[in-house]
Amino acid sequence: MTLMMIYRPLLEYFGPQNWWPMQRGFRPPEWEVCLGAVLTQNTNWSNVEKALSNLKASGIISKQDILRLGENELAELIKPSGYYNQKAKKLRILASFNGKVTRNNLLSLWGIGRETADSILLYAYNKPYFVIDAYTRRIFSRLGLVQKDSSYEELRHFFERNIPRDTAIYKEYHALIVELGKRFCRKKPLCNECPISHFCESAPSGDRDECRSRKFPKHR
DNA sequence: CGCCAGGGCCTCA
DNA sequence: TGAGGCCATGGC
């Protein structure tokens, strides 16, 4: 079993997710992707949309707009996204960053951890970093392809080694993982309706392929 | 009402 | 280097 053998049925089942538009010739505004990447930390995207529409309704879009605003006023506008005091601080720090956009430079900023950094690098700057989140860890450990306690960097390298180095695929795959996690591979999984249960070690045995070759060694 | 969502930081071993 | 506590709103 390969990672692309899982990608294909997910794409067929859910269709292209089109998170941040990824067509040729179109780049989403980098700063707007950064806004979303911070606001969505441990938060439902529908709450992020409320925060983003508050910002837009107030004409607050650009980095300069964010920095012109006081931290408390910014916090008030992004309140629906939760953790609004922390996120207001994080956004001001990120908005004032003017250095070269590298992973290490992003990680050096307070409030930007591995997942947020990789989301920004991939979706805003089109750099081939695979984004790992809680769904990724849950889904692929249930599938039996990785260990539950693998570190972030171990998981990221595992995906980057086993997927074609194509940012369009990275973007789509991560979005599909999130969709599968929300719809089927929940904390209490809905294996009976899951489109990839036949690949899964954790699914009830009736839904599973009993005779399949394991192409990957268990990831440590 | 409880649970959880596209995390990250700090503290304390 | 990892577990646990903290940050917080809104939808179901």
Side-chain angles (χ1 to χ4, degrees), chain A residues 7 10-11 14-22 28 30 32-55 57 71-95 97 103-125 127 129-142 146-157 159 167 169-190 220:
Chain A
Y7 173 77
L10 289 178
L11 182 57
F14 291 115
Q17 297 300 294
N18 218 25
W19 262 16
W20 277 292
M22 45 191 105
E30 293 161 1
E32 291 190 30
V33 177
C34 293
L35 278 177
V38 169
L39 291 176
T40 196
Q41 290 176 354
N42 201 35
T43 300
N44 194 318
W45 185 255
S46 70
N47 285 12
V48 175
E49 286 181 320
K50 293 177 183 33
L52 287 174
S53 71
N54 283 349
L55 291 173
E71 198 170 295
N72 291 329
E73 307 166 82
L74 178 56
E76 198 60 31
L77 288 173
I78 64 174
K79 185 171 276 192
S81 73
Y83 307 117
Y84 48 88
N85 289 313
Q86 286 194 356
K87 286 177 180 174
K89 195 182 303 284
K90 293 174 182 180
L91 287 178
R92 289 179 59 84
I93 290 172
L94 184 56
F97 171 72
R103 192 165 196 267
N104 282 335
N105 283 344
L106 289 174
L107 288 176
S108 74
L109 303 176
W110 185 89
I112 308 299
R114 293 177 178 84
E115 183 185 338
T116 306
D118 290 335
S119 290
I120 290 171
L121 289 164
L122 180 61
Y123 288 101
Y125 292 90
K127 293 174 184 286
Y129 292 89
F130 199 87
V131 178
I132 304 297
D133 65 350
Y135 288 133
T136 312
R137 182 173 274 100
R138 180 199 293 166
I139 290 169
F140 288 87
S141 64
R142 282 179 176 166
V146 303
Q147 300 295 99
K148 273 198 303 295
D149 57 0
S150 300
S151 72
Y152 185 98
E153 299 301 335
E154 285 173 334
L155 288 170
R156 183 169 68 82
H157 287 128
F159 278 82
T167 55
I169 295 177
Y170 283 20
K171 293 172 190 178
E172 194 64 62
Y173 206 160
H174 174 64
L176 290 166
I177 286 169
V178 170
E179 193 61 20
L180 182 74
K182 286 199 283 206
R183 298 264 296 274
F184 299 105
C185 206
R186 303 176 177 179
K187 212 163 182 194
K188 294 178 64 139
L190 306 176
R220 198 171 51 77

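All chains are named by letter (A, B, ...) in the order of the sequence lines, taking the proteins before the strands, and each is independently numbered beginning at 1.
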Margin query: So, does A/R138 get its side chain near the phosphate of B/dA5, meaning an N or O under 4.0 Å from OP1 or OP2?
Written below: yes
Notebook entry, point to check: Expressed as a whole number of Å, how far does the P atom of C/dG10 sit from that of B/dG8?
Noted result: 22 Å
Notebook entry, point to check: Can you tell me which stems DNA chain C forms when a stem means 3 or more consecutive Watson-Crick or G-U pairs under 3.5 Å?
Noted result: B:2-5 with C:9-12, B:7-13 with C:1-7
Next item on the list: Hey, which sits more toward the 5' end of DNA chain B by its nearest nucleotide, A/V178 or A/I112?
Entry: A/V178
Item checked: Those residues that, when tested against A/N85, pass side chain to side chain contact (heavy atoms under 4.5 Å, CB included) (two or more places apart) -> A/A75
Margin query: Between the side chains of A/E153 and A/R103, is the shortest nitrogen-to-carboxylate-oxygen separation below 4.0 Å, so that they form an ion pair?
Written below: yes
Margin query: Students often mix this up, so state it plainly: with edges at 30° and 60°, are the rings of A/H174 and A/W19 parallel, tilted or perpendicular?
Written below: perpendicular
Notebook entry, point to check: Which is it for A/L180 and A/Y135 under the side-chain contact (heavy atoms from CB on, under 4.5 Å) test, yes or no, and what are the steps along the way?
Noted result: CA-CA 8 Å; A/L180 182 74; A/Y135 288 133; over 6 Å; no
Item checked: Closest to side chain of A/T116, choosing from B/dG7, C/dA8, B/dG6 -> B/dG7
Note to self: For residues 32-52 of chain A, which residue pairs pass the ring pair (Phe, Tyr, Trp, His ring centres under 6.0 Å) check, not counting sequence neighbours?
What the structure shows: A/W20-A/W45
Checklist line | Passing option when A/E71 is tested against A/K90, A/K89, A/K87 for salt bridge (charged side-chain N to carboxylate O under 4.0 Å, His left out) | finding: A/K89
Item checked: Contact list for DNA chain B against residues 41-50 of chain A - heavy-atom distance below 4.0 Å -> A/Q41, A/N42, A/T43, A/N44, A/W45
Next item on the list: Please check the phosphate of B/dG7 (OP1 and OP2 only) for any side-chain N or O of A/T40 closer than 4.0 Å.
Entry: no
Margin query: As a test of understanding, state which of A/T136, A/L122, A/T116, A/L121 forms a side-chain contact (heavy atoms from CB on, under 4.5 Å) with A/V131.
Written below: A/L122
Give every pair of a protein N or O atom and an N or O atom of nucleotides 10-13 of chain B that lie under 3.5 Å apart, one pair per line with the distance.
{"unit_1": "B/dC10", "atom_1": "OP1", "unit_2": "A/W110", "atom_2": "NE1", "d": "3.3"}

Checklist line | A/F14 and A/F184 aromatic ring geometry - parallel, tilted or perpendicular at 30°/60° bounds | finding: tilted
Checklist line | B/dG2 versus C/dA8 - spacing of their C1' atoms, nearest Å | finding: 16 Å
Note to self: Under the criterion side-chain contact (heavy atoms from CB on, under 4.5 Å), I'd like the reasoning laid out for A/F140 against A/L155: C-alpha separation, chi angles, the key distance, then a yes or no.
What the structure shows: CA-CA 10 Å; A/F140 288 87; A/L155 288 170; 5.9 Å; no
Check: What is the distance from NZ of A/K87 to C1' of C/dT9, rounded to the nearest Å?
Finding: 9 Å
Next item on the list: Scan residues 71-84 of chain A against DNA chain C and write down, sorted by residue number, each residue with any heavy atom closer than 4.0 Å; if none is found, say none.
Entry: A/K79, A/P80, A/G82, A/Y83, A/Y84
